[in-house]
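The structure appears below as structure tokens.
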Amino acid sequence: MKMKKLLTAAAAASLALFALVGCGDKDAASSGSAGAKDYAQIIHDARTDEYNEAMMILSSDGEGALTAIDGPAADMTEDDIKAQADNFILPMLGLEAGDYEEFAASVSTMNVRSYGIAIVKPAEGKAADVQAALENYVTSQQLSMQNYLADQYEIAKAATVTTVPSGEVVLVCCEDSDTVLAAIEDALAA
């Protein structure tokens, strides 16, 4: 009889343990932004080490917090990052706060380089506006470089703005843009 109670207690403890483990896994999966994508990391992985060392990637999360990686980001304060976003990067891309849920972007703020990569998750009903804004950025780059720097004009002419199946609008305006775009599309599809 004592053995039967012991086995019953062990079985009950095992079931309780399995139930807790099962709940823990479910909670981890549901609370951990299932399906969330790190747009800044996707851009980082798609470009060369040279660009990662030189060009900052600015990103926002779903709550509007701004962060930055690569380039001079390590030396920047939160205020510096916000100033870059508000005064340079977002206006250059034609994006306003209500246009997107999240984004990551790396843009040259110098007029001597056609360079811009962005992944934007549009806010509900704003996909066409985001697409148009990024296409306007490309047109602006092409017009700026057309009679100024022939090599940069060729980069701007090869630029792409596309909406991927998962809904993000992607801008790629850089050297080897086809390879960079393919890497971003693969990462977003994963």
Side-chain angles (χ1 to χ4, degrees), residues 33-52 54-62 64 66-71 84-85 88-146 148-190:
S33 302
K37 299 170 187 157
D38 186 342
Y39 297 148
Q41 189 64 48
I42 291 170
I43 291 172
H44 171 91
D45 293 346
R47 54 188 204 173
T48 65
D49 290 341
E50 178 184 343
Y51 279 109
N52 287 333
M55 303 294 295
M56 177 183 73
I57 302 170
L58 175 74
S59 63
S60 75
D61 62 15
L66 296 170
T67 58
I69 63 170
D70 293 341
Q84 282 289 313
F88 297 106
I89 294 174
L90 293 173
M92 286 179 74
L93 294 174
L95 298 174
E96 296 179 11
D99 292 341
Y100 55 86
E101 288 181 22
E102 297 178 58
F103 76 90
S106 181
V107 179
S108 175
T109 57
M110 298 183 298
N111 264 350
V112 295
R113 176 183 262 175
S114 286
Y115 179 83
I117 300 175
I119 302 170
V120 182
K121 180 178 182 181
E124 189 171 331
K126 293 290 192 169
D129 293 341
V130 170
Q131 178 90 21
L134 298 181
E135 288 173 353
N136 288 340
Y137 169 81
V138 170
T139 301
S140 173
Q141 289 295 300
Q142 291 170 347
L143 292 172
S144 293
M145 299 300 174
Q146 186 172 12
Y148 183 49
L149 295 169
D151 63 327
Q152 298 303 305
Y153 176 59
E154 292 303 316
I155 292 169
K157 278 189 352 184
T160 302
V161 176
T162 188
T163 300
V164 298
S166 55
E168 293 93 348
V169 181
V170 178
L171 157 72
V172 177
C173 178
C174 63
E175 293 176 13
D176 202 16
S177 60
D178 291 340
T179 303
V180 172
L181 178 61
I184 290 172
E185 288 176 329
D186 289 347
L188 289 172

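Along the sequence shown, residues are numbered consecutively beginning with 1. Note that the structure is predicted; figures quoted are calculated from it, not measured.
Atom OH of Y39 is separated from atom CD of Q41 by 14.5 Å, given to the nearest 0.5 angstrom. The NZ atom of K121 lies 4.5 Å from the CD atom of E101; values are rounded to the nearest 0.5 Å. Going from atom CG of L90 over to atom CG of L58 covers 6.5 Å, rounded to the nearest 0.5 Å. Distance check: D38 CG to E102 CD gives 9.5 Å after rounding to the nearest 0.5 Å. To the nearest 0.5 Å, atoms CD1 (I69) and CE (M55) are separated by 13.0 Å. Atom CG of L134 and atom CD1 of I119 lie 11.5 Å apart (nearest 0.5 Å).
With hydrogens and angles disregarded, a donor-acceptor distance shorter than 3.5 Å links the side chain of S60 to the backbone of F103. In this structure, N52 contributes its side chain and H44 its backbone to a donor-acceptor pair below 3.5 Å. Under the 3.5 Å distance criterion, the side-chain polar atoms of R47 are left unmatched by any main-chain donor or acceptor of C174. The main-chain N or O of A104 is never found under 3.5 Å from a side-chain atom of S59 such that the two would form a donor-acceptor pair. With hydrogens and angles disregarded, a donor-acceptor distance shorter than 3.5 Å links the side chain of K37 to the backbone of L188.
Heavy-atom minimum distance, E185 versus V164: CG-CG1, 3.9 Å. The nearest pair of heavy atoms linking V180 to A46 is CG2-O, 3.7 Å. For the pair S177 and A158, the tightest heavy-atom approach, listed with the atom from each and the gap, is OG-O, 3.4 Å. Closest non-hydrogen pair, D99 versus K126, comes out as O-CB, 3.5 Å. Between A118 and A105, the shortest heavy-atom distance links the atoms CB-CB, 3.9 Å. The heavy-atom pair separating M92 from V107 by the smallest distance is CE-CG1, 3.6 Å.
The number of heavy atoms from other shown groups lying within 6.0 Å of CD (Q146) is above 12. Atom CG of N111 has 12 or fewer heavy atoms from other residues, nucleotides or ligands within 6.0 Å.
Between I117 and I184 there is a side-chain heavy-atom pair separated by less than 4.5 Å. In this structure the side chain of Q141 never reaches within 4.5 angstrom of the side chain of V138, judged on heavy atoms. Side-chain atoms of Y153 and Q142, non-hydrogen and from C-beta on, do get closer than 4.5 Å to each other. Using a 4.5 Å cut-off on side-chain heavy atoms (C-beta onward), I155 and Y115 make no contact. In this structure, E50 and E175 have side chains that are not in contact, with every pair of non-hydrogen atoms separated by 4.5 Å or more. I89 is listed as a side-chain neighbour of L93, based on a closest heavy-atom distance under 4.5 Å.
Scored by the side chain to side chain contact (heavy atoms under 4.5 Å, CB included) test, T163 finds Q131, V169 as partners (sequence neighbours excluded).
For the residue pair S166/E168, the side-chain donor-acceptor check at 3.5 Å is satisfied.
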